[in-house]
Structure formats: C-alpha cells, structure tokens
Number of protein chains: 2
Amino acid sequence: MNERSHLFISTDIRTRITTGEWSPGALMPREIELADEYGCARATINRALQTLADEGLIERKRRAGTRILELPKQHARLEIPIIRHEVEAMGQRYHPNLLLNEERHAPDVIAANLKLRTEQRVLHLQTLHMADDQPFAFEDRWLNIDAVPEVRVAPLDKVSANEWLIRHIPYASGNVSFGAIQADEHVAGLLEAKPGSALFSVERTTWRGEQMITTVQIAYPPGYQLRSAL
Amino acid sequence: MNERSHLFISTDIRTRITTGEWSPGALMPREIELADEYGCARATINRALQTLADEGLIERKRRAGTRILELPKQHARLEIPIIRHEVEAMGQRYHPNLLLNEERHAPDVIAANLKLRTEQRVLHLQTLHMADDQPFAFEDRWLNIDAVPEVRVAPLDKVSANEWLIRHIPYASGNVSFGAIQADEHVAGLLEAKPGSALFSVERTTWRGEQMITTVQIAYPPGYQLRSAL
DNA sequence: CAGTGGTCTAGACCACCAG
DNA sequence: TGGTGGTCTAGACCACTGA
C-alpha cells in the first residue's frame, strides 16, 4: 500500500461499518487477517483501527478482539477560540471594552471556586467584547492575583484578559460548562437585549498545578449559538 | 524504555513544555535527537509528539521541525450521551413520555432544514424525558419518514426516538449547536419552570449520505449545565 | 493458558517545504 | 534542494483477559 494507507484503510473500514457489512455488536476480523486482506503490515491496520476506536465506532480488547459498538458514541470536539479570533473570523473589528477593573476581597462563592483563603485578594474584571461597535459578549472574570501578579500592569484595555492569560500562562488546565441564564438589567443593557432574555453562557475555570488562576463567565446575546460537527 | 513509553514520553514532554523548558514559539529538538535522549526509536517519539500535536500544544511541519505553539488551542471534547444513560448515571429511573406522535406535512422551516420537497410527509414527535417522575428534558423532533419508514411502528413510548434511531441508523453524520431559548408557556409547564425562563437548548441535525434523517431540539430546565474538561 | 491487541524497534522511502 | 516529519514494514515481546 502507498503512503497514508492507514487513512485510506480507516476510511474504507468506516464505510464497511456504516454500510452494514458487519452488524453492530459483531466481531471484526483480526488485525492479521485485515493486514492480509489489505496487503499491509499489522501496524498499519492497528493505526487505522485505533482511529476508529477514538471515534467511538469500535471497541478493542485484548484477547476478545475488535467489536463494532452497538451504540456508537456521539461526541463533538469544540474548539474554544479566543473572542478576538471569533470576531475577526466574521470580518469584524474586535475591541475589548474594559468596564470594571477592581482589586478586592473575593465573595465567598468566588473564593470557594478559586480555593482561596478569605484574606486573599482577587481582581474582578468586567469586559464588554465589541465587534464593530456592536456588543458581542459580556465577560465577568475573577482572577487570583497571587497566581499572576503581573496582571496588575497588563494593558487589559487593549488585550482581552483571556488572551493576555493565554500568552502569560499558556498550557493551563481547566474545565468548561455551558448553560443558559436570564439577562439582568445591567447585562441586558450592555448586550442591547431585553431584561429577562435567555443568554447563552460559558463558564470556565482554569488552574496550573494546584493553583487556581481564574474563573470567568461569558454571556452571549440572544440567538447566539455554538456550533460543531458531530 | 518499557511498554507504553510513548505515553510516558508525551507526558514528560508536556511537562517540559508547561514548565517552560521551551518557550512558546520555540523550536523543539528533532525527533532523532529526542529518540536519542529518551533512548528509544524515532517511531516512539513520533507517536508521543503526534499526541501533543492533537492536543494543540505543538505544531509539526516537515522540513521546519516541531514548534511550541504561541497560543495553544483550547478545545473541549463533549460526549453526547443518550438521555437514558444520562439519567441512569445519576442513579435515577428513565422514562420517555411521548406527548405527540403526528404524521403531517412539514412546516417550511423544517422542510428546508431536512431538504424535503413540499409534498413529503414528516413525523413530528414531542417527548418529555423523565427522571424518576421529574421532568429532565423536553424534546421536539422532526423525522424524515422516507428515510426510516420503519419508525411508524417503533415503540417510541418505551424507547426514545434518539435511541431507536441510533440502533436502526447507527453511524449517521450530523451537526450540533448549543444555545439558550426562552421557555414558552407550554414548555415551561412541562419542565416545571416559569414561562420566560432561560433554557439550555441543544439542536441536532443528522443525515446519512445525501439523505436528511432528523432534526431535533432538546430543552433543559433552568440551571442545567453541560460540563467538560478543557 | 492461549490468543488478541498494544507497543517497541531498526530500517527504509518519500512528500513537503523553508532556505 | 536537503533536512524534516509522515508513514510503512517485518519482526518481536508482552499485558491482558476470555474461554
């Protein structure tokens, strides 16, 4: 087989699965048999099948062999872009409008979220992300100052906090959750929506090692949708 | 090196990146050099680095070498479970409550969405997914009957349409979008929420080849969040 | 306990593309 | 155009686990 045949093979086998050549729950041929059939090395078949296993189409077990899954796992991979890129991708000009930049003691909820002792201080930032002078998203962020003291002198009116953080603390871990919230008067005004509107909300918390860095909620105007292939 | 050393190596290199041994934008050593350093074959290094490239930490180019990305790509992989599993994972009993099962002509919006000709008929299904007699989610689904005529006799009061579809047409393609909607009186009543509440909404459209199969919107009660690691 | 997939190796060829 | 990563091969050993 030629170069990239592992790609050809995984595509081919995917087709054979989706067209029903092997039924859900059935056992596939062994790697050696497939290698024989495709005229390639077992390692190549192995690579192709690993791809399909990652996709959730098949399940592989030592001794037991490779099985077509009865309920293929549905999954979506979401790229989480920095907002500037998202805006620029629409051909609009991006500008972060820093509304609040306040150093203070954290409210209990935030302190718990960032695993802070009560005496520690945090930076509270509110930013309205603008696309061509239209509001694009409202961001409410709490930042553990001890984790990134340099943020005090960051030009957050020019570079969004998120982008500044990614550049200064790249490769942080985190989690994310998506939900819906109702716009209060303040946020509704900023996003030019009616109070009580349903806003799509993304919450993220990131940390490095044991140290929590930031927790942020971003609210998008009514109608915003996050899309992905399945 | 021992078995699974590619895993050890990718973990180790990830640490070396995050601890700043190589700065963002910098060039990493060549595969051969790393293979030498770790005392393994180049293929093993290659596998480890591919993992990191998939994660969006590094960028690899022939001739140019392997580079640490300046802005590591943030991404989340969402598993999209069938609702029954989601409910059962919480230790609750699942039951689909089929509220509407009607064969009719599609409204224009749906017909466009499913790429149907106007004379074609569709199945309109509304299901309230229950968890231990509490409403868990409300589903509004339109189904292209020509794509799956057998659905007319499916026991949709026992098996949710989604699960039935996955079993009968596994391995379909699709897309998904997340957003927020306001509960109208009907849905609010079903989900035991106030009218006008912000509901998290998931829309999916799936197809097989050129044929559209189904489009569905699922609304979750206020407070529901979809979580994922980053 | 035997058969399967998981992994590693050493060597090879080649596509790509930056210099 | 030469150096880099992408891929393949043939063979090997081993962990896991189902029969």
Side-chain angles (χ1 to χ4, degrees), chain A residues 1-17 21-70 72-73, chain B residues 1-17 21-73 77:
Chain A
M1 304 292 295
N2 53 0
E3 176 170 344
R4 276 177 187 163
S5 69
H6 76 94
L7 239 168
F8 168 81
I9 292 174
S10 63
T11 304
D12 191 59
I13 294 183
R14 197 181 297 110
T15 307
R16 294 170 73 176
I17 291 176
E21 174 168 339
W22 300 299
S23 29
L27 215 52
M28 284 180 53
R30 290 189 268 302
E31 291 190 348
I32 303 187
E33 291 172 348
L34 289 170
D36 213 46
E37 178 182 341
Y38 283 98
C40 66
R42 181 167 81 93
T44 306
I45 295 293
N46 186 286
R47 195 158 176 355
L49 292 186
Q50 287 225 8
T51 304
L52 300 179
D54 282 346
E55 289 174 9
L57 252 65
I58 61 178
E59 189 183 37
R60 324 191 67 209
K61 270 190 202 158
R62 284 164 161 148
R63 167 74 195 184
T66 299
R67 197 173 285 282
I68 317 289
L69 279 180
E70 304 238 10
K73 290 175 191 159
Chain B
M1 304 292 295
N2 51 2
E3 176 171 344
R4 277 179 186 161
S5 69
H6 76 96
L7 237 168
F8 168 81
I9 292 174
S10 64
T11 304
D12 190 60
I13 293 182
R14 195 181 297 109
T15 307
R16 293 170 75 177
I17 291 176
E21 175 169 340
W22 299 299
S23 28
L27 216 51
M28 284 180 54
R30 291 190 267 305
E31 292 190 346
I32 303 186
E33 291 172 347
L34 288 170
D36 213 46
E37 178 182 343
Y38 284 98
C40 65
R42 180 167 80 94
T44 306
I45 296 293
N46 185 285
R47 195 158 177 352
L49 292 186
Q50 286 225 7
T51 304
L52 299 179
D54 282 346
E55 289 174 10
L57 251 65
I58 60 177
E59 189 183 36
R60 324 191 68 209
K61 271 191 203 157
R62 286 165 160 149
R63 166 75 193 183
T66 300
R67 197 173 286 282
I68 318 288
L69 279 181
E70 305 239 9
L71 293 172
K73 290 175 193 160
R77 181 179 163 134

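We name chains A, B, ... by the order of the sequence lines, and we start the count at 1 in each one. Everything numeric in this text was worked out from a predicted model, so none of it was measured.
- Taking side-chain N and O atoms only, A/R62 has no distance below 4.0 Å to OP1 or OP2 of C/dG3.
- Put simply, CG on B/L34 is 12 Å from C1' on D/dG5, counting in whole angstrom units.
- Rounded to whole Å, the distance from CD1 on A/I32 to C1' on C/dT4 is 9 Å.
- For the pair B/I45 CD1 and D/dG5 P, the computed distance is 11 Å after rounding to whole Å.
- Using a 4.0 Å cut-off, some side-chain N or O of A/S5 falls inside it from OP1 or OP2 of D/dC8.
- Comparing A/R67 and A/A41 against DNA chain D, the residue whose closest nucleotide sits nearer the 5' end is A/A41.
- The listed nucleotides are C/dC8, C/dA18, D/dA10; the one nearest the side chain of B/K61 is C/dA18.
- In this structure, the side chains of B/R60 and B/Q50 come closer than 4.5 Å at one or more pairs of heavy atoms.
- Between A/E55 and A/K73, none of the side-chain N atoms (NZ, or NE/NH1/NH2) sits under 4.0 Å from a carboxylate O, so this pair counts as no salt bridge.
- The side chain of B/R47 places an N or O atom within less than 4.0 Å of a non-bridging phosphate oxygen (OP1 or OP2) of C/dT7.
- Distances shown here put every side-chain N or O of A/R63 at or beyond 4.0 Å from the OP1 or OP2 atom of D/dC16.
- Of the side-chain N and O atoms in B/N46, none sit less than 4.0 angstrom from OP1 or OP2 of D/dG5.
- What separates CG of A/L7 from C1' of D/dC8 is a distance of 13 Å, to the nearest Å.
- Classification of A/E31 and A/R42 as a salt-bridged pair holds, one side-chain N sitting under 4.0 Å from a carboxylate O.
- Residue-level contact check: B/A64 touches the backbone only, with heavy atoms under 4.0 Å from sugar-phosphate atoms and none from bases.
- Between A/E59 atom CD and D/dT17 atom P the separation is 11 Å, expressed in whole Å.
- Map A/E31 and B/A43 each onto its nearest nucleotide of DNA chain C; the residue landing nearer the 5' end is A/E31.
- Atom CD1 of B/I58 and atom C1' of D/dG6 are 14 Å apart (whole Å).
- Within a 6.0 Å radius of CD1 in B/I32, no more than 12 heavy atoms belonging to other residues, nucleotides or ligands are found.
- OP1 or OP2 of D/dG6 has at least one side-chain nitrogen or oxygen of B/R60 nearer than 4.0 Å.
- Of the candidates D/dC13, D/dT9, C/dT4, D/dC13 carries the atom nearest the A/R42 side chain, counting heavy atoms from C-beta on.
- Between A/P24 and A/E70, the closest heavy-atom pair is CB-CA, 3.9 Å.
- A sub-4.0 Å separation between OP1 or OP2 of C/dG5 and a side-chain N or O of A/Q50 is absent.
- Between A/E33 atom CD and C/dG3 atom P the separation is 13 Å, expressed in whole Å.
- Straight-line distance from the CD1 atom of A/I9 to the P atom of D/dT7: 13 Å, rounded to whole Å.
- Here B/R16 pairs with B/E37 in a salt bridge; the nearest charged N to carboxylate O distance falls below 4.0 Å.
- The phosphate of D/dT7 (OP1 or OP2) has no side-chain N or O of A/T44 nearer than 4.0 angstrom.
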